[in-house]
Amino acid sequence: MMRLLTIGDSFTYGQDLSDLTKSWPNILSKLLHCDLINLAAPGRGNTRMVRKCIEHADQYDVAIVAWSHYARMEFADEFGTYDAWPGVITAYYHNDLSFRKENAKYITLHHNDRYLYRQYLNNIILLQSYFKSAGKRYLMLDTFDNHQSIERKQNDDLVKQIDTGCFLGWPNESMMEWTADCPVGPRRHFLEEGHQRVADKIYEHIRHFNWFS
């Protein structure tokens, strides 16, 4: 049986759902009749996604990467890796550690949007190149509307390297647009209706590719 890897942040993990089997990766794997490996986790950013796709390369045949917000940054210390997001002054993991809070405050005050957006583009290019060299089928999409506040023309050197044929919705659609009118939970994640809508959107795009026959 074909093995599907999904990776993303809390919206791919299924945060706010009472039953994680109703997350869009689980719905999609049932539609495709394949085994699922969902490595999504709340609060995680794009650098982690690149690492995990490479570290687990022998475990999947097809990967679906749901990129998080471009400004999430990964750090590492003696407690392991964690992500921080400008404007969110506490990290998701070990957020009782004062120096992590101070780091999050610092990057909130001093982050550079254009640099972080270019890092996001670099991650896309890096991972699509890896998938192609490793012979992995893949699809990418955005969780957030990463392109709405950034002038893409300033980044044409990177944008032109992105294989938009393997990027669902590029550049004007994301999960946020697809689920804008869906109910959300206490932490503002879309619930069952939104997950079904995302799964259907991806399934409609890839069902003719003959990847899972």
Side-chain angles (χ1 to χ4, degrees), residues 5-16 23-25 37-60 63-131 133-134 136 138-150 155 157-159 161-162 166-167 170-171 174-176 187-189:
L5 171 76
T6 54
I7 192 160
D9 57 19
S10 52
F11 289 90
T12 299
Y13 173 80
Q15 194 162 14
D16 277 335
S23 66
W24 70 257
I37 307 161
N38 186 9
L39 296 182
R44 296 307 176 93
N46 298 320
T47 302
R48 174 185 182 271
M49 296 180 204
V50 175
R51 287 193 299 103
K52 292 297 182 181
C53 285
I54 295 172
E55 290 171 0
H56 294 268
D58 61 340
Q59 297 179 17
Y60 62 89
I64 298 180
V65 181
W67 296 107
S68 185
H69 194 278
Y70 71 87
R72 277 185 173 156
M73 290 175 275
E74 184 179 66
F75 298 89
D77 55 29
E78 63 270 32
F79 296 99
T81 58
Y82 69 101
D83 287 86
W85 192 356
V88 181
I89 63 170
T90 57
Y92 274 81
Y93 299 95
H94 300 286
N95 59 10
D96 56 325
L97 299 176
S98 60
F99 57 86
R100 285 194 172 183
K101 292 182 180 180
E102 289 303 313
N103 185 39
K105 289 178 182 178
Y106 179 84
I107 65 167
T108 293
L109 292 172
H110 300 288
H111 73 281
N112 182 308
D113 268 347
R114 185 165 187 266
Y115 168 77
L116 293 173
Y117 182 70
R118 287 181 66 82
Q119 289 300 103
Y120 153 81
L121 296 176
N122 276 314
N123 278 327
I124 294 172
I125 295 164
L126 171 62
L127 195 53
Q128 72 180 18
S129 297
Y130 170 75
F131 285 143
S133 67
K136 300 289 185 182
Y138 72 95
L139 183 70
M140 296 177 178
L141 60 146
D142 272 318
T143 302
F144 299 95
D145 51 352
N146 281 323
H147 313 284
Q148 300 307 309
S149 59
I150 299 294
N155 301 284
D157 58 323
L158 298 179
V159 169
Q161 299 181 57
I162 294 174
C166 294
F167 203 118
W170 178 276
S174 70
M175 288 189 205
M176 296 299 102
R187 300 193 68 172
R188 309 302 298 170
H189 299 85

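The chain is numbered in sequence order, starting from 1.
D145 and S174 share no donor-acceptor pair across their side chains, judged by distance under 3.5 Å alone. N123 and Y70 are not linked by any side-chain donor-acceptor pair at a separation below 3.5 angstrom, with hydrogens and angles left out of the test.
With Y120 as reference, D142 is the one residue of N46, D142, N155 to meet the side chain to side chain donor-acceptor pair (under 3.5 Å) rule. No option in R187, R44, R72 other than R72 meets the salt bridge (charged side-chain N to carboxylate O under 4.0 Å, His left out) test with D9.
For Y115, the side chain to side chain contact (heavy atoms under 4.5 Å, CB included) partners two or more places apart in sequence, or in a different chain, are N112, Q119. Evaluation of the ring-ring contact (aromatic ring centres under 6.0 Å, His included) rule for F144 yields F11, H69, W85 as partners, not counting sequence neighbours.
Y130 is not listed as a side-chain neighbour of V50, based on a closest heavy-atom distance of 4.5 Å or more. In this structure, the side chains of R51 and T81 come closer than 4.5 Å at one or more pairs of heavy atoms. Within the 4.5 Å cutoff, no side-chain heavy atoms of M140 are placed close to those of I162. Under the 4.5 Å side-chain criterion, counting only non-hydrogen atoms from C-beta, D157 is in contact with R118. Counting heavy atoms from C-beta outward, M176 and T143 have side chains that approach closer than 4.5 Å.
Considering CD of Q161 and CD1 of I125, their distance stands at 4.0 Å, rounded to 0.5 Å. Taking CE of M49 as the reference point, atom OG1 of T12 lies at 7.0 Å (rounded to 0.5 Å). Taking CD1 of I7 as the reference point, atom CH2 of W67 lies at 8.5 Å (rounded to 0.5 Å).
Between S68 and G45, the shortest heavy-atom distance links the atoms CB-CA, 4.2 Å. In terms of heavy-atom proximity, L127 sits nearest to C53 at CD1-CB, 3.8 Å. P42 approaches Q15 most closely through the heavy-atom pair CB-OE1, 3.4 Å. Across all their heavy atoms, Q59 and I37 have their closest contact at O-CD1, 3.0 Å. In terms of heavy-atom proximity, C166 sits nearest to Y138 at CB-CE1, 3.5 Å. Between M175 and A66, the shortest heavy-atom contact is CE-CB, 3.6 Å.
Remark: the backbone N or O of T6 is not paired with any side-chain donor or acceptor of Y60 at under 3.5 angstrom. Under the 3.5 Å distance criterion, the side-chain polar atoms of T108 are matched with a main-chain donor or acceptor of G87. With hydrogens and angles disregarded, no donor-acceptor distance shorter than 3.5 Å links the side chain of N38 to the backbone of P25. Distance alone, capped at 3.5 Å, is enough to place a donor-acceptor pair between the H111 side chain and the I107 backbone.
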Exercise for review: For N122 and L158, run side chain to side chain contact (heavy atoms under 4.5 Å, CB included): C-alpha distance rounded to whole Å, both residues' side-chain angles, the deciding distance at 0.1 Å, then the answer.
Suggested key: CA-CA 7 Å; N122 276 314; L158 298 179; 3.7 Å; yes
Practice item. Report the C-alpha separation of L97 and Y82 in whole Å, then their side-chain angles, then the decisive distance to 0.1 Å, and conclude whether the side chain to side chain contact (heavy atoms under 4.5 Å, CB included) test is met. Key: CA-CA 12 Å; L97 299 176; Y82 69 101; over 6 Å; no
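Ring planes of W170 and F167: perpendicular class, angle over 60° (limits at 30 and 60°).
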